[in-house]
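Note that the coordinates shown come from a computational prediction; the quantities given were computed from them, not determined experimentally. Chain identifiers are assigned alphabetically (A, B, ...) following the order of the sequence lines, protein sequences preceding nucleic acid strands; residue numbering begins at 1 within each chain.
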Amino acid sequence: MSAEPILRTEGLTKHFTLRGRRRDGARPVLRAVDGVDLSLAPGTTLGLVGESGSGKSTLARLVLRLMPVTAGRVVFDGDDITDLSARDLRPLRHGMQLVFQDPYSSFDPQATVVDSVVEPLRAQGVSAAEARTRARDLFDLVGLAQDHLERYPRELSGGQLQRAGIARALSTNPKLVVMDEPVSALDVSTQAQVINLLQDLQGELGLSFLFIAHDLAVVRHVSDRIAVMYLGQVVEEGPAEALYEHPTHPYTQALLSAIPVPDPVVQRSRPRIVLRGEIPSPASPPSGCRFRTRCPFVMDVCAEEEPPVHESPDGVRTRCHLHVTGPTLAGASVNTLALPD
Amino acid sequence: MDELLAHHAENIPITPDEAVEAAAEFAALPRRRGAFLRLLRRPGPAVAFGYLVVIALAAIFAPVIAPYDPNQIDVPSRFAPPSWDHLLGADDLGRDLFSRLLYGARVSLTVSVAVIVIATVVALVVGLVAGYSGGAVDNVIMRVADGGLSFPPLVLALAVAGILGPGVVNVIAALSIVFVFGLTRLVRGTALVVREEPFVEASRAAGSRTRRILVHRVFPNIRSPLIIAATFGIAGVLLAEAGLSYLGLGPRPPAASWGNMLRNAYDRGLYKASWQLFVPGLAIAFTIYAFNVLGDGLRDVLGVGRSRRAKRRERRGMTTVERVRTPPAAPTSDDALLRIEDLSVEFVSERGASRVVEGVSLAIRPGETVGLVGESGSGKTVTSLSVMRLVPSPPGRIVSGAIRFEGRNLLDLDFEAMREVRGTGISMVFQDPMTSLDPSFTIGSQLAEAQRLHRKVSRSAARARSIELLDLVGIPAPETRLRQYPHQLSGGLRQRVVIAMALANEPRLLIADEPTTALDVTVQAQILDLLKRLQRELGMAILFVTHDLGVIADLCDRVAVMYAGQIVEEAAVEELFAHPRHPYTAGLLGAMPQVGGAGERLTVIPGQVPMAHAMPGGCRFADRCAFVTDACRSGRIDLVATGAAAVRCVRAGELTLQGAR
Amino acid sequence: MRLVVRRLVAVVPTLLIVTFGVFLMVKLVPGDPAVNAAGGLSATPEAIAQARVDLHLDDSFFSQYGRWLGNAVQGDLGESYQSRTSVVDDLAKRVPVTLSLIVAATLFAVLLAVPLGVLSGLRPNGGVDQGSRVFSSLAIAVPNFLLALILVLVFAVRLGWLPPSGYTKFGDSPAEWLKFIVLPAIALGVAVSAALMRQLRAALVDELDTNHIRTAWAIGGSRRRVVGIHGLKNASSPAITILGLQVAALVGGAVLVEQIFAIPGLGTYMLGAITQADLPVIQGCVLVLALVQIVLSLAVDITYALINPKVRVAT
Ligand SMILES: Nc1ncnc2c1ncn2[C@@H]1O[C@H](COP(=O)(O)OP(=O)(O)O)[C@@H](O)[C@H]1O
Ligand SMILES: Nc1ncnc2c1ncn2[C@@H]1O[C@H](COP(=O)(O)OP(=O)(O)O)[C@@H](O)[C@H]1O
Ligand code: SF4
Ligand code: SF4
Ligand SMILES: [Mg+2]
Ligand SMILES: [Mg+2]
């Protein structure tokens, strides 16, 4: 972990101002991302999980600076890119690329696949002929036949088009690839094909991935470290293994227990935590700990104070009062607590 | 969600200069020519186009074709009927109507084309600036356009033309002003939608310049709607021009235009030669009609909006049954609540019938939970809808089999008898909770309806039962919920309401088609727990359809695996996970990433599901199977039952496959 | 109620722009209004100078607009150059006439479109549908003024059933009014009814393919309930939207139709003013016709909001 991270965020924040007025006359503000600190070491994968609406996609767009930052900093490969203009970002774009969730909507329906795939190269000033040669190599790399180059997006299957999306992201030899739910729209068998492809590519090319998904099993499979988001905040972050074996935040624990394991014997014998209610609106998040409306372990202090970040010796950072007050877990797994009922 | 319209993308303002340059650059791009040819292959648009070409040629060559000077007065021919001398007759001054019609066409077409060109170009530039820049610029432009659209178009045109005075140029000016507002709004609206599309974001992430994004991404996607609007727009201009010149605001007399010919025929000839009305009248009507036909055709060909030609037919809420083979005989004794036998379903389209469900058999005993699992497109939904006779007909139809529920074959029932089964014997919960409830009615009225459809209940009894039902599915404060509309509820709550509706009449079988797929995992866990509890308490059988083997493991007693329209394996749940016997089942298990097993490489099923119209003859999985032999491809492979399990694989006996890890 | 207020407030900027547009239109006219006001070409230079002062023509553009708007709000739109009568008084006499024509045309359109649209939507490609498709294609291709001429020719000139032109106030004799209004209302309403019918049919066809209709079948809904209650109620929203868009065509078309049938409404008044270059009258007519359109659209908009729970009930 001593190497300079390829991507680092400090207190990264994005507030959307909504239309209309609140009772007090102020414009309502939606806190999509609220003070996120992350760090991604070169050649590794940081997984980002959380329910829909927790701010994952917004975070992805912030670190790529596809939208203005409200507060905090984004440092990419040593450069602070927080306040760069669209123009000044352009020369840096080849180093950071994005893969989208829905392959169909992320390709221009009016353009051939190759036209979209070479776009990052063309934006860097590469000639059309050269870009085309490179596209052929890229198609080989991601396992697509050459005759797919001239097709239109609708003529490819979801899995094929997602491979093309990966080819587009890799075209400029980026250092960082942000993937916003790259396999969520795919069927199990195609999903497995794409996951394996991504792992191979990372090995061959030394890429760094920020990998977003709502499926913890997928994230666990590909990630070195994992960050769990809830209502715009990272509530737990740490090495994948530790986080799964010893979740320190009640939300992580609940997420893990909510994923059904495809083995009836295991699935039916393991303890289950079913959270009550649904994720509140980020336009009016609960006071104190944002998870408190659904937390099985909620204490009085949780409504009053934002929990501090607790960092354990094995590098797990967690935002929960349990580690400093109440049962005082001090970094131990929540699994050691008996569930109150 | 209307409130969330705040702009997602960073606003990159563009100047009008840039927009004009971009427009020019775009105009120079090579274009796909296919659409136009496809348009002309349709009879209606082809005839319309031909007619318009003839009119345009006639207008251009009017001086050559016209037998007379259009303004030549010839009193003896006054009101002459059509003859070889005067093809279309002559007017009150003996002027030749055919010649006047030709010269009138020049005016109408010049004005229409000029106005549409001017209005489209202006709208494109202004609309793009507004739509792509957003913010204050957009606000001002749109306010002005709204203001402009608040004038009735004809009134505005009249006022402008009236103030400027008669004359072709003035008419063009007046109508351009009128038409520019609507087109601007269209361009801006489309640009707003397009710029929020992920593919535009992809271009920005690629580092493309704004200009390039406009030219290569935004324009091409605005082009089709704009071409269509312009085509309909020409018809509108033509109509307005005829109206203006009817009122004397067109070209100065004696110059001919279709509108003033009409006026002349009405004022002078109404009692003496009323047929004269039809000379310019039909010309106007035909031309407007031709542009409308062309517009409709373009809409179909370019695939924008709804196609008028879509061959939709009546929706009667009942799947047709047209058997191609005799249904299997009813078993003498049956312990099954539901027994699907040899079910096949087809969808008929212009390209022929595609059989998406083929010979499916499945039995569910009372109180049992059976899972139906498979990847998307494998036919799970069609199978479960068939049980309810809810596959839309046309295009769907059931072509073989029997579906016996409590001994009765549902495929033999008429609508009324089937209606009695729906909701009371069998209920169904669908995948998308957001759209499964009627947005125009309260939760309370929909719950009450579910009860009243099947028995007489008083208002208060229905209400009491509704509250009980909401309580049963774990919705807090049921009384308040009854008064709310679906859009006021979250997805999880809506799905609970749908489940409550399904339970209203205590069905013996509940079919749940991916009821949790659209929900978050934590909410999915809640709904799964709810279903488990309901089954314990109410003792109904459940057919649970899903693509997620984890959910099956959680919930089901027995599982059937579907692939490409067929059931390939069926077994008790522990058995299937521990010892899968079909290579596809094993493949699915291996392809699932698992929380427990990180780092390992996933086993992959290579290739893709075959298309319904190109199914392999033998085993449908053969092209993707690691164990394929010649025997697999040489003829139909049946689902072979051994005890409680069944498998559709010629090598099932010899293979030992890896189960859940 | 809050909703109605909100819609009303939203109209204010539109009104400002519309009045500004009307004002601007006249300002851009070539020629000197002072000359007209002072009595035309024979006016003396002194009289013209005096008129400039009276008309505040030397004030800044915006203060002229402000004054004009202030007067307009107080019901003063100036005098007709021709008749020297107050424009507002003349307009007041004519607005009810035009409104009665528009209302009659709308009624005709709705009464024709709703049954045909619903029947076509229920049986796409059935007999009624085929028939109404032919009708609506014709209706859209034949401009309302042409239709008006044909109606006059057939029903007034040839058959002599109805008068070819003229008008009686509804208040004076409803029966007479009806006689005079039938042909104009049909001429004006046919195209609107065609658009409405197409929309209603399409909305119903789409509606019957939605998920919630499937739910309605699945709970055992009868055809009458599923199609007649759930289907129709949801299909009515888009139809109302279309009616709102057609208001513009109605108001504009009324001008032409009034002219043909010699109905003494805003349209004939305006056309008369145009031939005489009577600017204050043109200005007044355009303003009032735009207001009529705004008010009618607003009424449709509010109706739409009231029947649509997503708009009416906040989340
Ligand atoms: N452009 C936007 N304007 C307003 N709110 C937004 C915008 N984009 C996202 N949001 C809101 O921000 C929150 C986080 O959204 P998102 O980042 O998409 O979450 P996730 O990807 O985790 O599902 C959501 O409540 C969403 O509605
Ligand atoms: N209304 C329809 N018209 C035409 N084809 C359909 C229709 N509904 C489903 N299909 C086709 O039937 C096949 C099976 O679909 P479905 O049963 O929905 O699959 P699953 O539920 O397993 O994802 C698919 O190929 C789909 O394209
Ligand atoms: S801070 Fe309190 S409410 Fe939040 S997660 Fe920890 S125990 Fe639960
Ligand atoms: S029949 Fe042959 S191809 Fe098909 S699944 Fe069995 S082994 Fe594979
Ligand atoms: Mg997202
Ligand atoms: Mg399905």
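Annotation: B/R209, atom CZ; neighbour count of heavy atoms from other residues, nucleotides and ligands within 6.0 Å does not exceed 12.
A side-chain hydrogen bond (donor to acceptor under 3.5 Å, both in side chains) with B/S208 is found for one member of A/R122, A/E119, A/Q124 and no other, namely A/E119. Exactly one of A/E278, A/R276, A/R294 qualifies for a side-chain hydrogen bond (donor to acceptor under 3.5 Å, both in side chains) with B/T522. That residue is A/R294.
For A/D215, no part sits under 4.5 Å from any heavy atom of chain B, backbone or side chain. If you measure heavy-atom distances from B/L519 to chain A, you find no contacts under 4.5 Å at all. In this structure, chain B has a heavy atom under 4.5 Å from the side chain of A/Q191, while its backbone stays farther away. Both the backbone and the side chain of A/S105 come within contact range of chain B, judged by heavy atoms closer than 4.5 Å. Heavy atoms closer than 4.5 Å to chain A are found in the side chain of B/D529, but not in its backbone. Interface remark: A/Q97 contributes side-chain atoms only to the contact with chain B (heavy atom separation under 4.5 Å). With a 4.5 angstrom heavy-atom cutoff, A/T172 does not touch chain B via any of its atoms. With a threshold of 4.5 angstrom between heavy atoms, A/V274 approaches chain B through side-chain atoms but not through N, CA, C or O. Residue contact with chain B, scored on non-hydrogen atoms closer than 4.5 Å, is absent for A/Q101. With a 4.5 Å cut-off on non-hydrogen atoms, A/F107 touches chain B through its backbone but not through its side chain.
Listed by chain and number, the residues in a side-chain hydrogen bond (donor to acceptor under 3.5 Å, both in side chains) with A/Q253 are A/N335 (sequence neighbours excluded).
Across every non-hydrogen atom of B/H216 and A/D108, the tightest pair is O-OD2, 3.2 Å. Across all non-hydrogen atoms, the minimal contact from B/A525 to A/A258 is CB-CB, 4.1 Å. When all heavy atoms of A/P264 and B/E574 are compared, the pair lying nearest together is CG-CA, 3.9 Å. Annotation for A/L66 and B/R204: closest pair O-NH2, 3.2 Å, computed over non-hydrogen atoms.
Side chain of A/D263 to backbone of B/F577: no donor-acceptor contact under 3.5 angstrom is found. At distances below 3.5 Å, at least one donor-acceptor pair connects side-chain atoms of B/Q526 with backbone N or O atoms of A/L275. Formation of a donor-acceptor pair under 3.5 Å by the A/R268 side chain with backbone atoms of B/A553 is found in this model.
Note on B/G377, B/G607, B/P476: by heavy-atom pairs under 4.5 Å with chain A, the leading option is B/G607. Of the listed residues (B/Q608, B/Q524, B/R624, B/E197), the one with the most heavy-atom contacts under 4.5 Å to chain A is B/Q608. Residue with the most contacts toward chain A among B/L493, B/V573, B/D554, B/V604: B/D554 (heavy-atom pairs, distance under 4.5 Å). Put simply, of A/D200, A/L98, A/L64, the one with the most heavy-atom pairs under 4.5 Å next to chain B is A/D200. Chosen from A/A254, A/G277, A/P174, A/P91, the residue pairing most often with chain B at heavy-atom distances under 4.5 Å is A/G277. No other option in B/I552, B/N221, B/V523, B/D548 has as many heavy-atom pairs under 4.5 Å with chain A as B/N221. Between chain B and the residues A/A123, A/P153, A/S106, the largest count of heavy-atom pairs under 4.5 Å involves A/S106.
To the nearest 0.5 Å, atom CD of residue B/E375 and atom CG of residue A/L186 are 10.5 Å apart. Note that CD of A/Q267 is 9.5 Å distant from CG of B/L555, once rounded to the nearest 0.5 Å. Residue B/R601 holds its CZ atom at 7.0 Å from CD of A/Q199, rounded to the nearest 0.5 Å.
Proximity of B/F199 to A/P109: side-chain heavy atoms (C-beta onward) are separated by under 4.5 Å at one or more points. Taking the side chain as every heavy atom from C-beta outward, B/T210 and A/R87 never approach each other to under 4.5 Å. Put simply, the side chain of A/D102 does not reach to within 4.5 Å of the side chain of B/P198, judged on heavy atoms.
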